[in-house]
Number of protein chains: 2
Amino acid sequence: MSTPERLIESTRELLWERGYVGTSPKAIQQHAGAGQGSMYHHFKGKPDLALTAIRRTAEEMRATAEGVLTGPGTPYDRVEAYLRRERDVLRGCPLGRLTMDPDVIASEELRAPVDETLDWLRERLAGIVEEGREQGQFVPSLDAEEIAATIVATVQGGYVLARASGSPAPFDTAVRGLLSLLRPAR
Amino acid sequence: MSTPERLIESTRELLWERGYVGTSPKAIQQHAGAGQGSMYHHFKGKPDLALTAIRRTAEEMRATAEGVLTGPGTPYDRVEAYLRRERDVLRGCPLGRLTMDPDVIASEELRAPVDETLDWLRERLAGIVEEGREQGQFVPSLDAEEIAATIVATVQGGYVLARASGSPAPFDTAVRGLLSLLRPAR
DNA sequence: GTCTATATGGGGATAGAC
DNA sequence: GTCTATCCCCATATAGAC
């Protein structure tokens with residue numbers, strides 16, 4: 001892997017693990033096995049490198065979600081597949097965690113990919129829920145966009161509960177609860 | 001307010017705003033209008049001060065939740081009151097945000113109050129949901145602990161969505177979605 | 001492209017005077 | 001109790017040699 005590539009990947013991992021505030025250029029360099037000058041040759045500085053890393057993480061997350069959501073089955077099945085998809089629960093969401101970072105929130109540029117991706121995800125889910133509603137699979141009184149927001153929030157909040165307790169269990173519990181609420185009447 | 005008191009309150013605010021990693025002793029001192037020596041006279045160091053601050057925030061959060069959950073009305077009403085309670089949505093949850101802090105998660109001691117409080121909240125909500133279920137207000141097939149986890153997760157995740165978008169709206173949308181799923185059939 | 005040198009300020013704390 | 005001095009290391013670069 002090229003040096004810039006290693007720098008980007010290292011930044012992605014450190015941002016995931018320690019956030020923006022907790023990640024220093026020096027730590028990135030060491031993780032990437034690159035020198036000081038090398039990093040500043042390829043990138044303008046920490047914000048520049050972080051922006052590149054965040055954009056890539058956003059794209060990847062979108063692709064992963066799209067992969068699951070385009071699968072087979074009823075709308076409920078696809079929502080379930082999304083919710084039950086394998087995750088590194090204790091590491092949390094590499095994008096969602098950035099919303100707790102003051103420097104990310106303070107920067108329009110750094111926040112944008114996070115915002116756009118979560119927004120896209122909600123719309124994508126809303127479309128699926130709406131589809132299910134039209135097929136009579138869900139109660140007609142439900143609002144697809146609201147349900148989509150609830151789904152994404154449950155996932156993001158599930159990470160919080162899991163990390164607080166030091167165990168993935170609460171994440172799964174929250175997901176099971178949501179699925180039981182969504183489950184079409186039989 | 002006494003100096004130790006001002007230091008604790010300043011720490012609470014800075015932890016809420018910037019997290020543990022993003023909060024320096026110097027920033028705390030300045031915010032509290034206290035000198036270097038003063039801070040180290042009253043507290044052993046940053047972790048000690050943070051622990052005191054986090055414990056207080058945890059107690060306060062528990063008291064606030066208890067206040068809402070002990071209110072009048074049906075179980076559904078009380079869950080709704082909890083979900084719709086006024087919040088400083090864009091600031092996020094002062095405890096939940098700490099779960100994204102690597103140094104907090106790495107410390108048993110700092111994580112404990114966060115874990116215990118969210119755990120207590122889930123159990124408290126589970127009791128209310130179970131009550132509603134026994135009264136036939138909720139579908140009998142629901143699992144109270146699962147629903148409680150979903151409720152807490154929706155709130156914690158709602159903060160994430162709100163901060164990502166820079167607006168409280170997604171939080172409210174997610175809450176409305178959850179309430180529509182919980183709403184007793186009429 | 002990568003390296004080393006250098007710079008300024010902050011993080012986190014201890015020591016001892018007042 | 002509070003203040004100032006001092007410490008060492010890290011954060012975040014810039015400059016210029018190789």
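The figures that follow rest on heavy atoms only: side chains count, while hydrogens, waters and symmetry mates do not. Each chain gets a letter, A, B and so on, in the order the sequences are listed, and its residues count up from 1.
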> Rounding to a whole Å, what distance do you find between B:E5:CD and D:dG1:P?
Replying inline: 14 Å

>> I need the NZ-C1' distance between A:K44 and D:dT14, as an integer number of Å.
In response: 16 Å

> Using a cut-off of less than 4.0 Å, is there contact between a side-chain N or O of B:T3 and OP1 or OP2 of D:dT2?
Replying inline: yes

> Taking atom P of C:dG12 as reference, at what distance in whole Å does atom CG of B:L14 sit?
Replying inline: 12 Å

>> Can you pull out the residues from residues 45-55 of chain A that lie within a 4.0 Å heavy-atom distance of DNA chain C?
In response: none

> Are more than 12 heavy atoms from other residues, nucleotides or ligands located less than 6.0 Å from atom CD of B:E5?
Replying inline: yes

>> Does anything in residues 27-42 of chain B come within less than 4.0 Å of DNA chain C? Heavy atoms only, and list the residues if so.
In response: B:Q36, B:Y40

> Can you tell me how far P of D:dG1 sits from CZ of B:F43, to the nearest Å?
Replying inline: 12 Å

> Roughly how many Å is it from NZ in B:K26 to P in D:dA5, rounded to a whole number?
Replying inline: 14 Å

> Can you name the nearest heavy-atom pair linking A:L182 to A:I147, along with the distance?
Replying inline: CD2-CG2, 3.7 Å

> Are the side chain of B:T173 and the backbone of A:A149 linked by a donor-acceptor contact shorter than 3.5 Å?
Replying inline: no

>> Any residue in residues 15-25 of chain A with a heavy atom nearer than 4.0 angstrom to DNA chain D? Just list them by number, or reply none.
In response: A:T23, A:S24, A:P25

> For A:T99, does its backbone N or O pair with a side-chain atom of B:R163 as donor and acceptor, under 3.5 Å?
Replying inline: yes

> Take atom CD in A:E145; do more than 12 heavy atoms of anything else shown fall under 6.0 Å from it?
Replying inline: no

>> Using a 6.0 Å distance limit plus a 45 degree cone around the ring axis, check whether A:K46 lies over the aromatic ring of A:Y40.
In response: no

> Taking everything shown except A:Q135 itself, do over 12 heavy atoms lie less than 6.0 Å from its CD?
Replying inline: yes

> Can B:Q29 and B:Q36 be said to form a side chain to side chain donor-acceptor pair (under 3.5 Å), step by step?
Replying inline: CA-CA 7 Å; B:Q29 292 150 205; B:Q36 195 104 305; 2.8 Å; yes

>> Taking salt bridge (Lys or Arg N to Asp or Glu O under 4.0 Å) as the definition, give me every residue that meets it alongside A:E131, ordered by chain and number, with sequence neighbours left out.
In response: A:R78

>> Tell me every residue that passes salt bridge (Lys or Arg N to Asp or Glu O under 4.0 Å) with B:R122, counting only those two or more places apart in sequence or in another chain.
In response: B:D119

> B:R91: what forms a salt bridge (Lys or Arg N to Asp or Glu O under 4.0 Å) with it, not counting sequence neighbours?
Replying inline: none

